[in-house]
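Residue numbering restarts at 1 for every chain, and letters A, B, ... go by the order of the sequence lines. Every heavy atom of this structure was used, including side-chain atoms; hydrogens, water molecules and symmetry mates were not.
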Amino acid sequence: MRYSRAFIPTLKEVPKDATMPSHVLMLRAGYARMVGAGIYELLPLGTRVLHKIERIIREEMDAAGAQELLMPVFLPSEYFKETRRWELYGPTLLRIKDRKGGEYHLAPTHEEIITDVVRREVKSYRQLPLNLYQIQSKYRDEPRPRAGLLRCREFIMKDAYSFDVSEEAALESYAHMHDTYHRIFERLGLEYRVVEADSGAIGGKQSAEFQVLAQTGEDWIVACGACDYAANVEVAQAGRAEPPAISSAEPAALEKVETPETRSIDEVVSFFGGETTTAHTLKSLLYVAGEEVVLAIVRGDHEINEIGLARHLRVDEVLLASDAAVKEATGTEIGFIGPVGFEGRIIADPDAVAVPNAIAGASETPYHYKNVNYGRDFEAEVVSIRQATSGDPCPNCDGKLELYRGIEGGHIFVLGTHYSDKMKATFLDEEGHSHPIVMGCYGIGVTRLIAAIMEQHHDEQGIRWPVQVAPYQVIITPIGKDEEPLIKATEIYDALKVEGVEVLLDDRSERPGVKFKDADLLGIPLRITVGARGLKQGIVELKKRTESESQDVPVDGAVAAVRAALAELGG
RNA sequence: CGGGGCGUAGCGCAGCUUGGUAGCGCGCACGGUUCGGGACCGUGAGGUCGGAGGUUCAAAUCCUCUCGCCCCGACCA
């Protein structure tokens with residue numbers, strides 16, 4: 001492609017609405033533009049990157065025996081009504097009415113539709129297993145789209161669905177996809193972790209998230225430094241922390257203290273001044289879990305894991321009680337609740353009950369108790385309900401957990417018969433008995449990965465694409481006002497094209513600085529600089545985007561040098 | 001949904017407090033000089049000041065409503 005003809009609108013200045021590196025870069029480097037909140041158009045460069053990523057995904061999915069198909073995004077409501085997701089999905093589902101008043105929606109995901117195809121066409125165990133996938137736009141009316149392509153209302157996703165005759169077979173399919181995902185993320189040049197995750201409302205039995213590590217990610221994950229244990233903090237096993245060491249570990253007498261204006265742990269700690277630390281306090285949280293109201297206790301410096309709590313209570317979710325509910329259940333205000341004297345179910349974290357002489361709310365405004373001791377002053381079900389955090393011992397080995405932020409790039413689930421039961425997708429076995437098909441589903445956020453790769457591969461100057469996903473592999477930059485550099489550059493350009501290399505020839509009549517800045521901003525992995533100076537000595541310069549020094553290569557050897565460099569970069 | 005911020009030329013911003021000619025930088029077009037890390041000089045095009053209503057002789061500026069975008073939070077007591 002000749003740059004002079006290419007549609008690459010770069011920006012010198014940072015658009016004011018962008019804060020995150022990938023968001024700034026995709027706008028500045030001319031990869032994408034915003035159309036509305038969480039709605040973007042991909043410009044030619046962005047589209048090329050998208051296609052590169054899709055190609056890698058297709059190659060690996062096809063190699064794994066999956067078959068691509070394409071399903072509609074615009075769907076009649078009947079499918080989602082069949083599984084009750086029409087109600088359950090809530091406002092995130094983008095609903096549409098047609099001219100006759102018929103109810104439709106834009107697909108946020110396709111389990112129902114694929115299950116429908118399969119139940120209509122698959123009748124026998126002989127037709128299984130099956131793995132079908134598509135790469136398609138999805139729509140979710142996110143409460144808060146953000147960060148450019150990282151959280152959009154319209155986005156492209158690869159979703160695959162596996163269909164098996166049994167749980168064991170489904171687990172095999174799942175394991176196969178697990179391997180396939182490793183290959184895909186590897187090939188995309190991403191640093192990532194596979195983590196245990198919550199399978200959410202979909203009701204999965206087993207699931208794993210492929211988390212791309214990035215400081216700008218939305219998710220918190222912990223990973224062991226010594227073994228391969230890694231988990232989303234939502235589900236991570238929290239290790240035991242040391243109870244706070246204090247001078248007098250002997251239980252002291254319970255003491256009620258007036259503590260005005262101490263609604264948060266921090267306020268409580270500063271009220272007591274040097275006497276205490278957050279680790280000596282108990283955080284008491286009142287939750288509504290189904291019909292029940294429960295009091296959850298974690299140590300003051302810990303965070304509660306609501307998903308863990310919900311699991312222990314065997315409910316789908318727990319909700320923090322409202323001000324009014326707190327008043328009704330405890331007779332006091334938020335900020336002064338405590339376990340002492342609480343009449344009802346109490347769930348306490350092991351680290352919380354291990355705190356001697358703790359400070360906790362007195363269930364009376366505005367008082368706290370000093371010297372609260374588990375066993376003497378309150379009883380509870382002791383269950384690990386806090387979030388894992390940095391420094392916690394690994395549940396699998398002697399290592400320590402570290403905290404990372406991640407971008408959820410992929411998520412794979414064993415669904416079981418959740419959808420096939422509801423939608424009566426069954427098959428007949430050898431004996432003619434009918435069984436529900438056992439399903440799995442496997443997603444990759446394709447457009448999100450464009451941003452995720454940028455988050456991991458950039459510097460102050462711009463993007464630094466891994467070759468496999470770069471929109472062009474090489475950019476040729478002829479320099480100076482003479483004709484000679486452009487002529488030579490064009491020769492090299494033609495020769496590379498013949499070789500099948502994807503090249504951008506910067507034939508614009510811009511000054512060198514402009515061309516260099518743009519080349520760096522776009523992030524093309526290799527740059528060939530053709531200048532009058534070098535040509536006098538019969539050389540051109542070859543430079544990797546990730547390196548600061550270029551190497552001189554003979555003009556005749558440019559093509560070979562590019563080929564070698566590409567091979568080195570893994571292209 | 002709650003809180004905060006912002007909407008003025010393609011992009012980044014000033015002007016608004018104290019109403020009276022819409023301005024600067026970048027970019028864009030033309031001419032000239034320049035040419036190895038976002039050059040310089042000159043000329044020029046480009047704006048219903050997010051939208052609607054109101055106050056006023058007069059509104060980018062004051063008032064009311066509304067739409068959009070960004071950030072933080074969505075109950076961690």
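- Taking the side chain to side chain contact (heavy atoms under 4.5 Å, CB included) definition, one finds that A/Pro143 meets it with nothing, sequence neighbours left out.
- Scanning atom types as modelled, no donor and acceptor separated by under 3.5 angstrom connect the side chain of A/Glu13 and the base of B/rG27.
- Residues A/Tyr472 and A/Glu502 have side chains that never bring a donor and an acceptor to within less than 3.5 angstrom of each other.
- Near RNA chain B, meaning a heavy atom under 4.0 Å away, the residues from residues 509-518 of chain A are A/Arg511, A/Pro512, A/Gly513, A/Val514, A/Phe516, A/Lys517, A/Asp518.
- In the region residues 14-21 of chain A, proximity to RNA chain B at under 4.0 angstrom, judged on heavy atoms, holds for A/Val14, A/Pro15, A/Lys16, A/Asp17, A/Thr19.
- Two residues are said to be in side-chain contact when any heavy atoms from C-beta on lie closer than 4.5 Å; A/Ile450 and A/Leu42 meet this criterion.
- Residues forming a side chain to side chain donor-acceptor pair (under 3.5 Å) with A/Glu103 (at least two apart in sequence, or on another chain): A/Lys81.
- Listed by chain and residue number, nothing satisfies the ring-ring contact (aromatic ring centres under 6.0 Å, His included) test with A/Tyr367 (two or more places apart in sequence, or in another chain).
- Regarding A/Met34, its CE atom lies at a distance of 18 Å from the P atom of B/rC6, rounded to whole Å.
- In the interface, the side chain of A/Arg144 is not paired with the base of B/rG3 through any donor and acceptor atom under 3.5 Å apart.
- An OP1 or OP2 oxygen of B/rC76 is reached within less than 4.0 angstrom by no side-chain nitrogen or oxygen of A/Lys283.
- Residue pairs meeting the salt bridge (charged side-chain N to carboxylate O under 4.0 Å, His left out) criterion with at least one member in residues 12-24 of chain A: none, sequence neighbours excluded.
- What separates CD of A/Glu303 from C1' of B/rA77 is a distance of 11 Å, to the nearest Å.
- Between the CD1 atom of A/Ile407 and the CZ atom of A/Arg448 there is a distance of 8.0 Å, given to the nearest 0.5 Å.
- In this structure, the NZ atom of A/Lys12 is 16 Å from the P atom of B/rC13, given to the nearest Å.
- The local environment of NZ in A/Lys256 is crowded, with over 12 non-hydrogen atoms from other residues, nucleotides or ligands closer than 6.0 Å.
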